[in-house]
Protein chains: 2
Amino acid sequence: MIATDDKTRRLIRYRSAVRRMKAMGLSRVYSENIADAAGVSALQVRKDFSEEGVRGVRRGGYQVDSVLERLGEVLGRDTAHEFVLVGMGSLGTALAKYQAFAQHGIKIVAAFDTDAKKLSEKGRVPVLHAREITQYCKKHRIKYAIMAVPEAEAIGVYEQLAAGGVKGILNFAPVRLRGGKRLVVNNVNLVYEIEHLVYFVDHTRRKV
Amino acid sequence: MIATDDKTRRLIRYRSAVRRMKAMGLSRVYSENIADAAGVSALQVRKDFSEEGVRGVRRGGYQVDSVLERLGEVLGRDTAHEFVLVGMGSLGTALAKYQAFAQHGIKIVAAFDTDAKKLSEKGRVPVLHAREITQYCKKHRIKYAIMAVPEAEAIGVYEQLAAGGVKGILNFAPVRLRGGKRLVVNNVNLVYEIEHLVYFVDHTRRKV
DNA sequence: TAGATTGTTAATCGATTAACAATC
DNA sequence: TAGATTGTTAATCGATTAACAATC
């Protein structure tokens, strides 16, 4: 079964929470703990777990290792993924050396830009000219890409990545890119996140 | 009325789409156009508009200016917001000079870090020591903050910001921070966005 | 008038919550 | 046994979609 968008996001948060609990030395956790860390209700956690085949024992909670085992099957276990990154502006440059990515097996194997001054074969991540995107992706069978380019270049880069056989794009460019049958896009727009925050500050007294 | 989380996100996307259409010189738009740009159905756009008091004319679509006018009332018009930024690691540094923020009136007036090497009074954005967060926010009546700090420091920074009277935080630290009555938090976790992408690449043939 | 488009009410669908059953 | 916790089925709620009405 394919989980919905929202449910997947929850499962990802559950896994992250349980991993942190494991790192803290716990071997058993309760739906209440996980819910707390993930910002949902305990009932929601149990429902999701039950539907996804994560089994606990009544009264005894969930075994940390068995939760991680099963969530690994559902969400995918091989965390080591190779990415290319397009756009070495300030955001792209930051993402290329973002520690949290490295810590989660997200490896950026090459970056691309059009600015000759930024190109460099050596360095931890080689920076190649954007015209080589398609060729590079084909040659190295790249499955995932991160786009951090200006709006005007987004479509062109998207097409080059698609032509190169890329299957998934995390897009930071301020244009919504549509995924297709062969290609999934996850659009992240940081300006929207700010606007969203501002809206709720101005309009809500949220529950504690 | 306070729109739900998802609806607000849609309204923000609609506004962004209509602004771009205006920049392209259009004065009238149809629900179909907006839907297309925002990645939802035209019916959804009309429903949302109707509920929020955005009025069109049957057969004639929506007047660009009147849409922006009304969405401005709903979402908040004063786009000029002053932020402080905590954490001048690679991500924080990138956000401090992120063009798209500047273009949308999001101004970062001060940054904070604990690393003495990064401190600097001059420069476009002064970088102060993190121990001054609370005092600075109080003194300048700062309402919004962006956190780009490591997990271990997140709670401490959060408390300092709260003590300083900050009302909204965009949090990039890999820990979910809970908002409260006085303080709204928007958590953005880039690792989750990658994991989400990977899940859908592996599990879905999405509709075109 | 006919056609295109918005607007609204009703129907459907799915997700969350409530109630309670099971059991360690 | 009593109590705590998971698990499941039923009820509720809300959001999306469908149907159709209004009108430019």
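Quantities reported herein were computed from a predicted structural model and do not represent experimental measurements. Letters A, B, ... mirror the listed sequences (proteins, then strands); counts begin at 1.
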Take the protein atom [atom1] of [X] and the nucleotide atom [atom2] of [N], then report the distance between them rounded to whole Å.
{"X": "B:Glu32", "N": "C:dG7", "atom1": "CD", "atom2": "P", "result": "15 Å"}
{"X": "A:Glu51", "N": "C:dA15", "atom1": "CD", "atom2": "P", "result": "9 Å"}
{"X": "A:Leu43", "N": "D:dT8", "atom1": "CG", "atom2": "P", "result": "13 Å"}
{"X": "A:Gln63", "N": "D:dT6", "atom1": "CD", "atom2": "P", "result": "12 Å"}
{"X": "B:Glu52", "N": "D:dA15", "atom1": "CD", "atom2": "P", "result": "12 Å"}
{"X": "A:Tyr14", "N": "D:dT6", "atom1": "OH", "atom2": "C1'", "result": "14 Å"}
{"X": "B:Arg9", "N": "D:dA15", "atom1": "CZ", "atom2": "C1'", "result": "17 Å"}

Problem - Identified side chain to side chain contact (heavy atoms under 4.5 Å, CB included) counterpart of B:Leu161 within the set B:Ile142, B:Val86, B:Thr134 - result: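 Testing each of B:Ile142, B:Val86, B:Thr134 against B:Leu161, the sole residue satisfying side chain to side chain contact (heavy atoms under 4.5 Å, CB included) is B:Val86.
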Practice task
Would you mind telling me which of B:Leu75, B:Val74, B:Ile34 makes a side chain to side chain contact (heavy atoms under 4.5 Å, CB included) with B:Arg15?
Solution key: B:Leu75
Exercise for the section: Mind checking the CZ-CZ spacing from B:Arg10 to B:Phe49? Nearest 0.5 Å is all I need. Expected result: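 If we round to the nearest 0.5 Å, B:Arg10:CZ and B:Phe49:CZ are 11.0 Å apart.
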What nucleic acid atoms does [X] come within less than 4.0 Å of, heavy atoms only: base, sugar-phosphate, or nothing?
{"X": "B:Arg28", "result": "nothing"}
{"X": "B:Gly61", "result": "sugar-phosphate"}
{"X": "B:Gly56", "result": "sugar-phosphate"}

Practice task
If a protein heavy atom is under 4.0 Å from the base, mark B; if only from the sugar-phosphate, S; if neither, -; do that for nucleotides 9-14 of chain D going 5' to 3'.
Solution key: B-----
Practice task
Give a yes/no answer on whether the side chain of A:Arg55 brings an N or O atom under 4.0 Å of OP1 or OP2 in C:dC24.
Solution key: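 So the side chain of A:Arg55 is outside the cut-off, no N or O lying under 4.0 Å from OP1 or OP2 of C:dC24.
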Exercise for the section: Tell me whether the OP1 or OP2 atom of D:dC24 has a side-chain N or O from B:Tyr30 closer than 4.0 Å. Expected result: no
Would [X] and [Y] pass as an ion pair if we require N to O under 4.0 Å?
{"X": "A:Asp5", "Y": "A:Arg9", "answer": "yes"}
{"X": "A:Asp36", "Y": "B:Arg178", "answer": "yes"}
{"X": "A:Asp65", "Y": "A:Lys22", "answer": "yes"}

Handout entry: Residue whose nearest DNA chain D nucleotide is more 5′ - B:Asp48 or A:Arg58
Key =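 This one resolves to A:Arg58.
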Practice task
Report the residue (B:Arg59 or A:Asp6) whose heavy-atom-nearest nucleotide on DNA chain C is the more 5′ of the two.
Solution key: B:Arg59
Practice task
Could you say whether B:Val54 or A:Arg46 is positioned toward the 5' end of DNA chain C, judged by the nucleotide with the nearest heavy atom to each?
Solution key: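 Closest to the 5' end, via its nearest nucleotide, is B:Val54.
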Handout entry: Min side-chain heavy-atom separation B:Arg28-B:Gln63 under 4.5 Å
Key =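 Yes - at least one pair of side-chain heavy atoms lies under 4.5 Å apart.
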Between [options], which nucleotide has the shortest distance from any of its atoms to the side chain of [X]?
{"X": "B:Ser41", "options": "C:dA4, D:dT17, C:dT8", "answer": "D:dT17"}
{"X": "B:Ser50", "options": "D:dA4, D:dG7, C:dG7", "answer": "C:dG7"}
{"X": "B:Tyr62", "options": "D:dT16, C:dA19, C:dG7", "answer": "C:dG7"}

Exercise for the section: List for me each residue that meets ring pair (Phe, Tyr, Trp, His ring centres under 6.0 Å) alongside B:Phe112, sequence neighbours excluded, and say none if there are none. Expected result: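 Partners of B:Phe112 under the ring pair (Phe, Tyr, Trp, His ring centres under 6.0 Å) test: B:Tyr136.
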Problem - Secondary-structure stems for DNA chain C, with pairs counted as Watson-Crick or G-U when both distances are under 3.5 Å and runs at least 3 long - result: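 Stem list for DNA chain C: C:3-24 with D:3-24.
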Practice task
Take the angle between the ring planes of A:His81 and A:Tyr144 and call it parallel below 30°, perpendicular above 60°, tilted in between.
Solution key: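 Geometry flag for A:Tyr144 against A:His81: perpendicular rings.
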Practice task
Check A:Tyr192, A:Tyr199, A:Phe200 against A:His196 for a ring pair (Phe, Tyr, Trp, His ring centres under 6.0 Å) and give me the one that passes.
Solution key: A:Phe200
